[in-house]
Amino acid sequence: MKVGEKHYHTIWLNADGRSVDIIDQRWLPHEFRIVTLKTVADVAVAIRDMWVRGAPLIGVTAAYGVAIAMADDPSDRHLDAVWEELNETRPTAINLRWALEAMRQFLRPLSVDDRAEAAYRRAGEIAEEDVQLNRAIGANGLKIIREIAATKKPGEPVNILTHCNAGWLATVDYGTATAPIYMATEAGIPVHVYVDETRPRNQGAQLTAWELNGHGVPHTLIVDNAGGHLMQHGAVDMVIVGTDRTTANGDVCNKIGTYLKALAASDNDVPFYVALPSPTIDWTVKDGVKEIPIEERTGDEVSFVQGRGPDGAIISVRVSPEGSPSANPAFDVTPARLITGLITERGVATASPQGLKALFPERS
Ligand SMILES: CSC[C@H]1O[C@H](OP(=O)(O)O)[C@H](O)[C@@H]1O
């Protein structure tokens, strides 16, 4: 997407044909920093410490991590070792394991001499496939926005609530939940987005708001706990969020707080949609609450808040007493029964085994 006068993806291969550059998202919206990842260790820390984040982008970054590893040592032993090292960086987004396994299955049959060049090519293909998936999700989600827009008075915006960041920053480009929003804006359909700040990492306040600002999409930043109130008062026409892992039954694992939004939407008859690229479907899992591992991150992310200090430096300040421990589950699971539809690249599915198999018959 455009940042100022330049078009960016969130990750790209450098001219050396070996290292990759990423947007280090920890410093947005205050600073736009680009960082070069040269080693597998660089890639591991970038994923673990959320320099890059978002299920699809985590997968693509890991795919490039495998390519970097193959350039160093293309042996089977090293291929397995880098798979393990990167797979343990974050446990919840299935795209990480999906991308690592796609790379391993692709590379295993190749001769070791061919693996490095093939790995970089395949990682680049996975990155480009992500962009195409998101464009298709955008087109399918746009139809829903158009239907809602037809019920509004002329010029009245479709009010959309989103949680966390499932934007172009969470993917290679376009985003998943934001793709329909960007396409509606490009189509001249008035939209307005309520952006959940999304404690504790504030991906909404720091990333989604920054994205929408940059693309001229009208939006209002709200605290996480305001969504139910707005829905009660008819201020929200639809909710659209991303996902880090969706089960074969249509249960959706996403950023902590998503489940509460789905409950509020259900209680107020607000349509609740999930933008779902198919690599985020874990066909091996049925019951999301029981089977999806939920990442527990450091309590410091709850006890401290990052911002720009009076002298312009980016600082973290403590917001809770020294003696108060914090818990920090990073995701929750929304049961399929609370979901209106899953917006995939192949169309909108009901959140059910039947709905997913109708769009993905090869998975029957
Ligand atoms: C398009 S997937 C975005 C998904 O990933 C985010 O998690 P995190 O920022 O911790 O990587 C969040 O759950 C988003 O919905």
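First listed ligand is number 1; within each ligand, the first listed atom is number 1.
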> Testing Glu197, Gln25, Arg53 for side-chain contact (heavy atoms from CB on, under 4.5 Å) with Gln203, which one passes?
Replying inline: Arg53
> With a cut-off of 6.0 Å (strictly less than), are more than 12 heavy atoms of other residues, nucleotides or ligands near CZ of Arg308?
Replying inline: yes
> Would you call Glu295-Arg297 a salt bridge at under 4.0 Å N-O?
Replying inline: yes
> Which of the atoms of ligand 1 are close to Gln203, meaning less than 4.0 Å from one of its heavy atoms?
Replying inline: 8 (P), 9 (O), 10 (O)
>> Over 60° means perpendicular and under 30° means parallel, so tell me whether His192 and Tyr194 are parallel, tilted or perpendicular.
In response: perpendicular
> Which atoms of ligand 1 are found less than 4.0 Å from any heavy atom of Thr176?
Replying inline: 1 (C)
Expected list for residues 267-274: side-chain donor-acceptor pairs under 3.5 angstrom, two or more places apart:
from, atom 1, to, atom 2, distance (Å)
Asn268, ND2, Ala264, O, 2.7

> Is it the side chain (CB and beyond), the backbone, both or neither of Arg53 that lies under 4.0 Å from ligand 1, heavy atoms counted?
Replying inline: both
> Is ligand 1 less than 4.0 angstrom away from at least one heavy atom of Asn165?
Replying inline: yes
>> Heavy atoms only, cut-off 4.0 Å: how does Met50 contact ligand 1, side chain, backbone, both, or neither?
In response: side chain
> What part of Arg90, side chain from CB on, backbone N/CA/C/O, both or neither, has a heavy atom under 4.0 Å from ligand 1?
Replying inline: side chain
>> Clusters formed by hydrophobic residues whose side-chain heavy atoms approach within less than 4.5 Å: which one holds Val305, and what are its other members?
In response: Val319
> Among protein heavy atoms, which lies nearest atom 15 (O) of ligand 1, and at what distance?
Replying inline: Asn254 OD1, 2.5 Å
> Is Pro56 in contact with ligand 1, taking contact as a heavy-atom separation below 4.0 Å?
Replying inline: yes
> So which bit of Thr243 gets within less than 4.0 Å of ligand 1, heavy atoms only: side chain, backbone, both or neither?
Replying inline: backbone
>> Can you classify the ring geometry of Tyr182 versus Tyr174 as parallel (below 30°), tilted (30 to 60°) or perpendicular (above 60°)?
In response: perpendicular
> Which part of Val241 is near ligand 1, with near meaning a heavy atom under 4.0 Å away: side chain, backbone, both or neither?
Replying inline: neither
> Does ligand 1 have a heavy atom under 4.0 Å from the side chain of Ala93, from its backbone, from both, or from neither?
Replying inline: neither
> Can you find a side-chain donor-acceptor pair between Asp244 and Thr92 that sits under 3.5 Å?
Replying inline: no
>> Using a 4.0 Å cutoff against the non-hydrogen atoms of Phe331, which atoms of ligand 1 qualify?
In response: 7 (O), 10 (O), 13 (O)
> What protein heavy atom is closest to atom 11 (O) of ligand 1, reported as residue, atom name and distance in Å?
Replying inline: Gly54 N, 2.8 Å
>> Among all protein heavy atoms in this structure, tell me which lies nearest to atom 5 (O) of ligand 1, with the distance rounded to 0.1 Å.
In response: Asp244 OD2, 3.1 Å
>> Closer than 3.5 angstrom, by distance alone: can the side chain of His163 be matched with the main-chain N or O of Ile256 as a donor-acceptor pair?
In response: yes
>> Considering both backbone and side-chain atoms of Ala170, is one of its nitrogen or oxygen atoms within less than 3.5 Å of a nitrogen or oxygen in ligand 1?
In response: no
> Ion pair present between Arg245 and Asp282, side-chain N to carboxylate O less than 4.0 angstrom?
Replying inline: yes
